[in-house]
Amino acid sequence: MSILQHASASHSSQHRKAPFYNSKPRRRPCIVAAVDAPQSENQQGQLKGGVSIRRRPPLGREIQPCGSLQMRVTGMPDENKPQNILEEIVWWKTAEVDQMRERVPLVMLQSAAKGAPAARDFKAALRKKVDETGKPGLIAEVKKASPSKGVIQPDFDPVRIAQAYEAGGAACLSVLTDERYFQGSFQNLLDIRAAGVTCPLLCKEFVVEAYQVFKARASGADAILLIAAVLPNQDLLYFSKAAANLGMQCLIEVHTEAELARVLEVPGVENHLLGINNRDLGTFKVDLGLTQKLMSSPPGQQAKERGIVVTGESGIFTPDDVAEVQKAGVGAILVGESLVKQGDPAAGVRQLLSLPAQ
Ligand SMILES: O=C(O)c1ccccc1NCC(=O)[C@H](O)[C@H](O)COP(=O)(O)O
């Protein structure tokens, strides 16, 4: 140990189990140790299999639990900082899931998931709308805030928005459940389902453990997001099987041609959906050209030939944008910001899809 420094933490038993990442001020200041960071041997070892997101800080967390106190590791090199927002989210998520598991053990969640009303067929709902309208099936997103835009809809009523999306003609809904970065919640999923919305629901979560798949099903989700930049194929297979065993489908999201080629090798991938996210998570810029580029690449052609439903995600604002990604070959679109910020989201859906006004 190099130095001792002041920090805040509590000795009270009620705070003993507080997560070590919790940065809220605690009641009594105390002294914690600060130690020098260890040296990294081979960071690339973390990035095997074309997975660009590291699941944990390679040298461990800057703030470490130390009994009922916390220890700050000083002098962490830049490589121990998250390389982009997705990596930052994933690092928090790992700690968050540990905390959730302490409150509700996996076995209890599994039994809740198995006892939940049967999951609805996400892909079938998308295909039905395509047949009816000739437009890509719309997955409309219930999204209050995002890391790139901050609060998008201050007057956020998730049930009202979900009902409006359904009334406007959305095929499916996407519900953000991450609280820290998107101000979402699993409660929103439960409330939307309990309110009688019949569109299938995608749980928009950053999955790093099977626990979250069970949590999604127990909360009424019919599908769950899996991100290829975060998960190697072994995990994609494991989580997609866990989801399928519960009657759910997965939206497997890619950002690059290499990821698209890789996920096409996941056994049973055709039973799920693919998504191309047009948002660069380093710069937050959206470029619909990415959908076009990946769909016309060899793995994009293969996805089409295998009849896999591909979803164009992010940055879709106008009927022209819809036409652009439809021309690229997607069968579905995932739209958040442009719809959620409208006073009348039902009208927003109809306008975006060029459907007749009611
Ligand atoms: O939206 C963000 O800022 C964001 C940042 C980091 C990871 C994911 C992020 N968004 C998740 C999404 O995929 C979008 O919410 C979804 O595709 C809808 O996008 P949009 O229509 O542009 O709101």
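As the structure lists them, so they are numbered: ligands from 1, and atoms in each ligand from 1.
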F284, CZ atom: more than 12 neighbouring heavy atoms under 6.0 Å = yes
Counting heavy atoms not belonging to K293, are there more than 12 under 6.0 Å from its NZ?
-> no
Looking at ligand 1, is there an atom of it that comes within less than 4.0 Å of some heavy atom belonging to [X]?
X: K149; answer: no
X: N277; answer: yes
X: I316; answer: no
X: Y181; answer: no
X: S338; answer: no

Indicate yes or no: does an N/O atom of [X] lie under 3.5 Å from an N/O atom of ligand 1?
X: F284; answer: no
X: K143; answer: yes
X: G315; answer: yes

Run the salt-bridge test on [X] and [Y] with the 4.0 Å N-O cut-off and return the result as yes or no.
X: K143; Y: E337; result: no
X: E259; Y: R262; result: no
X: D131; Y: K128; result: no

With heavy atoms under 4.0 Å as the rule, classify the contact between I152 and ligand 1 as side chain, backbone, both or neither.
-> neither
